[in-house]
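Encoded as structure tokens, the structure appears first; notes follow it.
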Amino acid sequence: MNKKKYYPLFGLMAFIILFQLFSSFSGKEFLLIQLTMCAYYSMVIIALCTLMGYAGQISLGHAAFFAIGGYTTAVLTTLNLIPDKDNFFISLFNSLGFLSLRVNPYGIEILHFSPWIALVVAVVITYVISFIIGIPILKLKGHYLAMATLGFGTIIYRVLLGGKIFGEADGISDIPEFNIFNLLKINGDNADRIENYYAAWFIVVISMLLLINLIHSRVGRALRSLHGNEHAANSIGVNPARYKLFVFTLSAVMAAVGGVFMTHFSGSIGPGEAGVLKSVRYVAIVAVGGMANIWGALIMGIILNYLSLRGYLGSYDEAIFGVILVLIMLFTPDGIFKAGNFGSIKNFIFSKIFKKA
Amino acid sequence: MAYLEIKKLYRSFGGLQAVFDVSFDVEKGTINAIIGPNGAGKTTLINLISGALKPDSGEVIFNGLHIENLPPYSIAQKGISRTFQNIKLFSNMTVLENIMMGRHVRTNSGFITGLLNLPWSWKEEDSTLEKSRMILEQFKLSEFADRPADSLPFGKQRILEFARAMSMDPELLILDEPAAGLNMNETEELAKVITNVRNSGITILIIEHDMTLIMDISEKIVVLNYGEKIAMGTPEEIQKNSDVIKIYLGDDNAIG
């Protein structure tokens, strides 16, 4: 078995640890907060990269899956079941340990679904939704698929924006922490930010491991063959519908898992997370990293999201991602990590220097 | 019962009858050619057999199984592989990976195995790799193994597509104009390769415009014109057939 494919993972882990040490020693631990958020957004990016870059199926609706995950957990962990606690199902859930009780800052007792159950429900809901919409829309190709996924994203955005249970334009806040076996707590607490940082990146590393395995497997090869030539893939024994549906649902669920943890981390979620501009941003990042280059996508995801979350891009944030997408498509459609690029940049710089000399 | 039976196959596109009442049998281990002028319905016929198109009516029976309504991927799983008139390679993959794709139907690691890289897939991957390298060697493509498939010269791309179809260990190999765009030496080479493939027990169905190649290698020839079968027989019989001579060379009584 070829182990080379795992080497970059060690690089990622080293970076994660070094960054934490650096920030702690220099007394700038607050930098970890944005990098934790980057980790959760990276889940969408690597999932989208697998779908777009490897299997060749574009999605302009991935922010919607992230939001479906986030909103599912937000609703389930904030919905107060106290008034219905004598209901047969509620007491059954309670005795099964599906519910947990907490007291909110105003001293009100809230009985709600535990985050574990919310995570499972979020995964199931996302899987079902992506499965159902995937069957018809994955028959479409290219621009038509882009338009259909864009439509799906818009529908989810409007539903979240208009739904009373989703808090309309305000979204949902006061979301409790996600407690992992009392070892790790995913919450926005300043005291726990190192813990949170490692928890987030742990999830990303595991996801990367799974996706790297997949890309280098027989199934991954089949997915890439669909990208290369669907007719030929079909005639060589690959069932296009089945493989596309698999990668679409996998990618949707992975984005939703990112959404679930992000929501517990930030303690709130708003309809903006499902917005079309978010979806475009994810597509732009995958394109910059190089479509069929999961490491490129991850690295660019970290850099660009970090700059954006730190506020370096200012109020032109969304515009900058649009400009990036246009420039990349014009000048280097295979992403900036393409093998030849660094050589040609070097040559360009050298030629300038020598001309002057 | 014949190995591959085509029975009363019909297919039209709008008002055009592309394949009209075509029936013939293919015996196991033989080279069978389909010839005819441009637009005679040859490629349509092949698409009907390989599942890329569905017939309006008629039957295709392979090894005793009805395959006329199966999708291409399940026909491939039955052991039928094909090449395309306009080469269809996986341009985003290397030459070696293209060949490895040919092993897809002969391997079975699934989604979960792929995600978790479970140990039982390792052996399968190794044997896929080994077999693919063997095929590359056999088709003299080893030196190109790690190059992107679309960077190969045209002739090599044709050979690569042929090699990909062969790496699946097919029972029936369908070749759609394999000599198109090849020079004379390459065509001679191709004739040898096709004969070798036949000698290894694989049945071949070939469409080709190069008459020298067809007359040299095939055992049975089916002639199509305007979607209809107008003649069938050995190369000698076809060469003497007056209908065939008429469509290729024109009518004695034609004015002009």
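No experiment lies behind these values; they were computed from the predicted model shown. Naming: A, B, ... by sequence-line order, numbering from 1 per chain.
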Set of residues satisfying side-chain hydrogen bond (donor to acceptor under 3.5 Å, both in side chains) with respect to A:Asn229, sequence neighbours excluded: none
Most contacts with chain A, counted as non-hydrogen pairs under 4.5 angstrom, among B:Met100, B:Gln77, B:Met168: B:Met100
Quick one: does any side-chain atom of B:Ser218 pair with a main-chain N or O of B:Asn32 as donor and acceptor, under 3.5 Å? no
Flag the one option from A:His231, A:Arg221, A:Arg218, A:His216 with the top tally of heavy-atom pairs under 4.5 Å to chain B. A:Arg218
If you look at every heavy atom in A:Ala297 and A:Ile285, which pair is closest and at what distance? O-CG2, 3.9 Å
Parallel, tilted or perpendicular: which fits the ring planes of B:Phe162 and B:Phe139, with parallel below 30° and perpendicular above 60°? tilted
Considering residues, nucleotides and ligands other than B:Glu137, do more than 12 of their heavy atoms fall under 6.0 Å from its CD? no
Examine whether an atom of B:Phe84 lies under 4.5 Å from a heavy atom of chain A, and if so say whether it belongs to the side chain, the backbone or both; otherwise answer neither. side chain
With a 4.5 Å cut-off on heavy-atom pairs, point out which of B:Ala76, B:Gly114, B:Pro71 contacts chain A the most. B:Gly114
No-hydrogen, no-angle side-chain donor-acceptor test under 3.5 Å, B:Asn38 and B:His209: yes
Does OH in A:Tyr144 sit with more than 12 non-hydrogen atoms of other residues, nucleotides or ligands closer than 6.0 Å? no
Do other residues, nucleotides or ligands put more than 12 heavy atoms under 6.0 Å from the NZ atom of B:Lys140? no
CD1 on A:Ile212 to OG1 on A:Thr50, rounded to 0.5 Å: 10.0 Å
Does anything in residues 241-250 of chain A get under 4.5 Å of chain B by heavy atoms, and if so which residues? A:Arg242, A:Tyr243, A:Phe246, A:Leu250
Using a cut-off of under 4.5 Å on heavy-atom pairs, state which of A:Ala292, A:Gly56, A:Ser225 scores highest against chain B. A:Ser225
Tell me which of these, B:Asn108, B:Ile75, B:Asp150, B:Thr83, has more heavy-atom pairs under 4.5 Å with chain A than the rest. B:Asn108
Between the main-chain N or O of B:Ala180 and the side-chain N or O of B:Arg158, is there a donor-acceptor pair closer than 3.5 Å? yes
Using non-hydrogen atoms only, which part of A:Ala233 is less than 4.5 Å away from chain B: side chain, backbone, both, or neither? both
Less than 4.5 Å to any heavy atom of chain A: does that hold for the side chain of B:Thr128, its backbone, both, or neither? side chain
At a heavy-atom separation under 4.5 Å, does B:Glu161 approach chain A through its side chain, its backbone, both, or neither? neither
Counting a contact as any heavy-atom pair under 4.5 Å apart, which residues of residues 39-63 of chain B contact chain A? none
Look at A:Val238, A:Val219, A:Asn213 and state which one has the largest set of heavy-atom pairs under 4.5 Å with chain B. A:Asn213
Does a side-chain heavy-atom distance below 4.5 Å link B:Glu208 with B:Ile194? no
Quick check on B:Leu115 against chain A: is it the side chain, the backbone, both or neither that has a heavy atom closer than 4.5 Å? both
More than 12 heavy atoms of other groups within 6.0 Å of A:Phe131 CZ: no
Got a second to check how far B:Ile207's CD1 is from B:Glu177's CD, nearest 0.5 Å? 6.5 Å
Is it the case that more than 12 heavy atoms not belonging to B:Tyr3 sit under 6.0 Å from its OH atom? yes
Donor-acceptor pairs under 3.5 Å, side chain of residues 89-99 of chain B to any protein atom, not counting sequence neighbours: which ones?
| from | atom 1 | to | atom 2 | distance (Å) |
| --- | --- | --- | --- | --- |
| B:Asn92 | ND2 | A:Arg224 | O | 3.0 |
| B:Thr94 | OG1 | B:Glu97 | N | 3.2 |
| B:Thr94 | OG1 | B:Glu97 | OE1 | 3.4 |
| B:Glu97 | OE1 | A:Arg224 | NH2 | 3.0 |
| B:Glu97 | OE1 | B:Thr94 | N | 3.0 |
| B:Glu97 | OE2 | A:Arg224 | NH1 | 3.1 |
| B:Glu97 | OE2 | A:Arg224 | NH2 | 3.2 |
| B:Asn98 | OD1 | B:Phe90 | N | 2.9 |
| B:Asn98 | ND2 | B:Phe90 | O | 3.1 |
| B:Asn98 | ND2 | B:Thr94 | O | 3.0 |

